[in-house]
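These notes are about the structure you will find just below.
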Amino acid sequence: MELIEQLKESIQYIRDFSRIRPRVAITLGSGLSNFVSAVKVETTIPYQDIPHFAPSTVEGHPGNLILGHVGEVPVVVLQGRIHYYEGHTMERVVYPTRVVAQLGTQKLILTNAAGGLDTSMRAGDFMVLKDHINLTGNNPLIGPNITALGLRFPDMTEAYDREMLEKLQGVLTRRGVRHSVGVYCGVSGPTYETSAEVRYLQIIGGNAVGMSTVPETIAAKHMGLRVCGISCISNLACGLTDQEITHEDVKATGKMVEKQFSEFLVEFISGL
Ligand code: HPA
């Protein structure tokens, strides 16, 4: 079945559950799914129930599409994402992003856990994305272009929306949240980087590295959405400390900052 037909079926399925017309979409990264407790939830739909959604298989990534409100703002939350390293095609990885765009959202907030590449960073810091480098070796737009969704050759000059970035930075600064603004390197994973790879990422201008976000940003820009990205720096990248990196530690950092994360995200979204 053509992608556009699949999207129609998914949208119809979701609309049969809820009359909410979300304005803002939020994708929650590893260890950050507790944000949902700050949402006035109307409907929760498990990914596996939605036609054409791939189930999320990663621990720390429950797969639910949630409709509700943050403050007065109608939102759709993707609690848990589909990763390229799970073996899905890029088309499947960005499918939920395409669905939330087709639901009528204009703004997308992508959150993730990432390794810090700057030695000044500490676990639990945040980094607002001002740009990214796609190192996945793939691109979700490879294949025939669907003109109804977007251009064949989308411009990426402002992949991350400046106005949203400045708003989010303002919220973080006012709240005294430790943060920086930087470039996210998107890799395929599932291995964490080697020390040599980390030095390479530093040299090419990266400030954080992670296994998500970049494909979704590309698909969202393709569809004309305004995108904002924020990384929770869950660890310093390989070789910058003598500690090994584990998924357990990544989740533990998410847990450590979950209250702070929910609070500033609620304030940010309420002002969008
Ligand atoms: N590298 C890649 N992805 C990650 C990391 C990391 O160090 N930490 C959390 N996600």
Side-chain angles (χ1 to χ4, degrees), residues 26-35 56-63 78-88 90 93-94 109-138 140 160 177-218 228-258 260-261 265:
I26 305 111
T27 298
L28 298 173
S30 283
L32 302 174
S33 57
N34 179 63
F35 168 72
S56 173
T57 61
V58 194
E59 216 196 315
H61 287 270
L78 293 169
Q79 186 188 31
R81 50 156 60 86
I82 317 296
H83 295 86
Y84 189 43
Y85 62 71
E86 293 173 76
H88 302 294
M90 276 289 183
V93 169
V94 301
I109 302 166
L110 295 169
T111 74
N112 60 58
L117 296 168
D118 297 340
T119 48
S120 59
M121 288 170 164
R122 290 189 220 146
D125 284 1
F126 290 91
M127 187 188 87
V128 185
L129 276 61
K130 69 172 178 200
D131 209 340
H132 74 222
I133 303 176
N134 179 10
L135 296 164
T136 62
N138 205 337
Y160 297 88
V177 177
R178 268 183 64 96
H179 71 281
S180 57
V181 176
V183 175
Y184 176 92
C185 297
V187 296
S188 73
T191 48
Y192 292 114
E193 299 65 41
T194 65
S195 302
E197 286 164 348
V198 167
R199 285 194 298 280
Y200 163 77
L201 296 174
Q202 290 171 324
I203 289 166
I204 64 171
N207 303 104
V209 55
M211 304 174 197
S212 68
T213 302
V214 165
E216 291 131 300
T217 298
I218 293 170
C228 179
I230 182 156
S231 296
C232 168
I233 303 299
S234 52
N235 54 277
L236 276 192
C238 171
L240 301 183
T241 67
D242 47 21
Q243 266 196 320
E244 287 195 3
I245 303 160
T246 68
H247 187 54
E248 280 58 47
D249 291 340
V250 170
K251 283 189 293 181
T253 306
K255 187 115 202 86
M256 185 175 89
V257 300
E258 69 184 12
Q260 189 186 38
F261 174 75
L265 210 49

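Residue indices begin at 1 and follow the sequence shown. Each ligand, and each atom within it, is numbered from 1 in the order the structure gives.
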- Message: Out of C232, A113, S30, S212, who is nearest to atom 10 (N) of ligand 1 when you count heavy atoms only?
- Response: A113
- Note on the structure: Of S234, A123, C185, the one whose closest heavy atom lies nearest atom 9 (C) of ligand 1 is S234
Compare all side-chain heavy atoms of [X] with those of [Y] and state whether any distance is below 4.5 angstrom.
| X | Y | result |
| --- | --- | --- |
| V183 | H132 | no |
| F126 | Q260 | yes |
| R81 | E216 | yes |

Against heavy atoms of [X], which atoms of ligand 1 measure under 4.0 Å?
| X | value |
| --- | --- |
| G210 | 2 (C), 3 (N) |
| A114 | 5 (C), 8 (N), 9 (C), 10 (N) |
| E193 | 1 (N), 2 (C), 6 (C), 7 (O) |
| M211 | 2 (C), 3 (N) |

- Item | Nearest protein heavy atom with distance in Å, relative to atom 5 (C) of ligand 1 | G115 N, 3.4 Å
- If you scan protein heavy atoms around atom 8 (N) of ligand 1, the nearest is N235 OD1, 2.7 Å
- Residue pair Y160 / L129: nearest heavy atoms and the distance that separates them: CB-O, 3.5 Å
- Message: Working to the nearest 0.5 angstrom, can you tell me the gap between S180 OG and M121 CE?
- Response: 3.5 Å
- Message: For the CZ atom on R178, are there more than 12 heavy atoms of other groups (residues, nucleotides or ligands in this structure) within a distance under 6.0 Å?
- Response: yes
